[in-house]
Protein chains: 2
Amino acid sequence: MSNAKVLPLLEPADGQGAAPCCPPLTERPMTAAEAETAARMFKALGDPVRLRLFSAVASHEGGEACVCDISDVGVSQPTVSHHLKKLKEAGLLTSERRGTWVYYRIEPSVLAAMGKLLAMPAAAR
Amino acid sequence: MSNAKVLPLLEPADGQGAAPCCPPLTERPMTAAEAETAARMFKALGDPVRLRLFSAVASHEGGEACVCDISDVGVSQPTVSHHLKKLKEAGLLTSERRGTWVYYRIEPSVLAAMGKLLAMPAAAR
DNA sequence: CACCTGTATTGATGGGCGTCAACATAGACA
DNA sequence: TGTCTATGTTGACGCCCATCAATACAGGTG
């Protein structure tokens, strides 16, 4: 009932080459559909708490962290859980339960796709 | 009364080398203050209409466009104006009136700073 | 000056979102 | 089985935000 809402920014699956949803922002005006997709990712990172959680996971050893390792961000535990869910739904994190703990890890290809979106050609100015 | 709310993602001014507010997301957990700053930018791009407007400006010739060139995004004129203001307040765009028209242009250094935030070291996995 | 076009501001409205307390679920262990 | 810890879910509340119609402002042109 939960992973039906996951909306990946990437094309179905090309292995791991990170095929972005859209060309760089500077290449041509985005279409409405492209913007809809890409905005979901930016929106997911548009909250300070989520950004800290994401950074905590991304910078953790092996690109993965247990919730207990990263939940010290000044909000209640349910709120942490809520934000992690949002990041998961945005396709930025994946989660896996191992025994007592749940581990979150980053989706490197999505990070790369976002990076490409913001890539700036030398002709930008 | 308007540019008092502009909050740059960059350090005061280092010329144009784009000194980001924060290290890459993957380098270490962001502090609350860093996250607060960076989240404002992601949030600004977290709306489909704003993303299209930004992309339209960024991809326009010379990285600059008149409002009349980009306002065809399916919302009313006041809404377009509102979103452009938001992008300006986030430090992503600047505006300049030239005669009848107002031109918006991208802030390349900020785009670069965001790109660095998402940069992924080879050790990410 | 009056009038027109382009853009910004104001005020109102509806919906979405961040947050928490309370509760539910999952696994470990005795 | 019962209990403890770790994490997720539910429901409610308040606030922010995207949107529009109406209006205001700026600059050009007559």
Side-chain angles (χ1 to χ4, degrees), chain A residues 1-7 32 35-36 39-54 56-57 60 64-90 92-105, chain B residues 1-7 32 35-36 39-54 56-57 60 64-90 92-105:
Chain A
M1 157 260 191
S2 59
N3 36 355
K5 294 189 88 177
V6 175
L7 7 105
E36 201 81 37
R40 270 192 284 259
M41 284 198 349
F42 285 117
K43 193 174 184 180
L45 295 182
D47 178 271
V49 172
R50 279 199 294 270
L51 202 45
R52 290 185 72 190
L53 289 171
F54 184 76
V57 172
H60 209 264
E64 127 176 336
C66 159
V67 177
C68 56
D69 289 330
I70 58 174
S71 52
D72 191 23
V73 286
V75 294
S76 70
Q77 174 268 322
T79 301
V80 169
S81 192
H82 169 250
H83 283 306
L84 288 172
K85 185 181 182 181
K86 287 285 190 100
L87 288 168
K88 226 171 107 177
E89 288 174 354
L92 294 171
L93 294 179
T94 59
S95 69
E96 179 194 358
R97 170 157 230 140
R98 288 208 291 275
T100 304
W101 296 280
V102 176
Y103 292 84
Y104 282 80
R105 47 172 42 247
Chain B
M1 156 261 191
S2 57
N3 37 354
K5 295 189 88 178
V6 175
L7 4 106
E36 202 80 37
R40 269 192 284 259
M41 281 200 349
F42 286 116
K43 192 174 184 179
L45 295 182
D47 178 90
V49 172
R50 279 199 293 271
L51 202 45
R52 289 185 72 189
L53 289 172
F54 184 75
V57 173
H60 209 264
E64 127 176 335
C66 160
V67 177
C68 56
D69 289 329
I70 59 174
S71 52
D72 190 25
V73 287
V75 294
S76 70
Q77 176 270 321
T79 301
V80 169
S81 192
H82 169 251
H83 283 306
L84 288 172
K85 185 181 183 181
K86 287 286 188 98
L87 288 167
K88 224 171 109 177
E89 287 173 356
L92 295 171
L93 293 179
T94 59
S95 69
E96 180 194 356
R97 169 157 231 140
R98 289 209 290 275
T100 304
W101 297 279
V102 177
Y103 291 83
Y104 282 80
R105 45 171 45 247

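Just so it is clear: chains get the letters A, B, ... in the order the sequence lines come, proteins before strands, and each one is counted from 1. Atoms considered below: every heavy atom in the structure, side chains included; atoms not considered: hydrogens, waters and symmetry mates.
For the pair A/Y103 OH and C/dA26 C1', the computed distance is 15 Å after rounding to whole Å. With rounding to whole Å, B/L84 atom CG is found 7 Å from C/dA8 atom P. The interatomic distance linking A/E96 (CD) with D/dG8 (P) rounds to 13 Å, in whole Å. Atom NZ in B/K88 sits roughly 13 Å away from atom C1' in C/dT9 (whole-Å rounding). At whole-Å resolution of the value, CZ in B/R98 and C1' in C/dG6 are 15 Å apart. Rounded to whole angstrom, the span from the CZ atom of A/F42 across to the P atom of D/dA18 amounts to 16 Å.
In this structure, B/Y104 reaches the sugar-phosphate backbone alone: every heavy-atom distance under 4.0 Å involves primed, P, OP1 or OP2 atoms, never a base.
Closest approach of B/A35 and A/R52 over heavy atoms only: CB-CG, 3.4 Å.
A/R50 places a side-chain N or O within 3.5 Å of a backbone atom of A/A44 that can act as its donor or acceptor partner.
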Run the side chain to side chain contact (heavy atoms under 4.5 Å, CB included) check on B/L84 and B/I70 step by step: do they pass? CA-CA 11 Å; B/L84 288 172; B/I70 59 174; 4.2 Å; yes

Give the intermediate values and the outcome of side chain to side chain contact (heavy atoms under 4.5 Å, CB included) for residues A/H60 and A/Y104. CA-CA 10 Å; A/H60 209 264; A/Y104 282 80; over 6 Å; no

Carefully, step by step, assess B/D69 and B/V57 under the rule side chain to side chain contact (heavy atoms under 4.5 Å, CB included). CA-CA 9 Å; B/D69 289 329; B/V57 173; over 6 Å; no

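None of B/V49, B/V73, B/L51 except one satisfies the side chain to side chain contact (heavy atoms under 4.5 Å, CB included) rule with B/H83; the exception is B/V49.
Sequence order on DNA chain C of the closest nucleotides to A/R97 and B/C68 puts B/C68 first from the 5' end.
The phosphate of D/dG8 has OP1 or OP2 within less than 4.0 Å of a side-chain N or O from A/S81.
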What are the atom names and distances for every N/O pair under 3.5 Å that joins the protein to nucleotides 15-22 of chain C?
unit_1, atom_1, unit_2, atom_2, d
C/dC17, OP1, A/K43, NZ, 2.9
C/dG18, OP1, A/R50, NH1, 3.1
C/dG18, OP1, A/R50, NH2, 2.7
C/dG18, OP2, A/R50, NH1, 3.3
C/dG18, OP2, A/K86, NZ, 3.2
C/dT19, OP2, A/H83, NE2, 2.4
C/dC20, OP2, A/S76, N, 2.7
C/dC20, OP2, A/S76, OG, 2.9
C/dC20, OP2, A/T79, OG1, 2.8

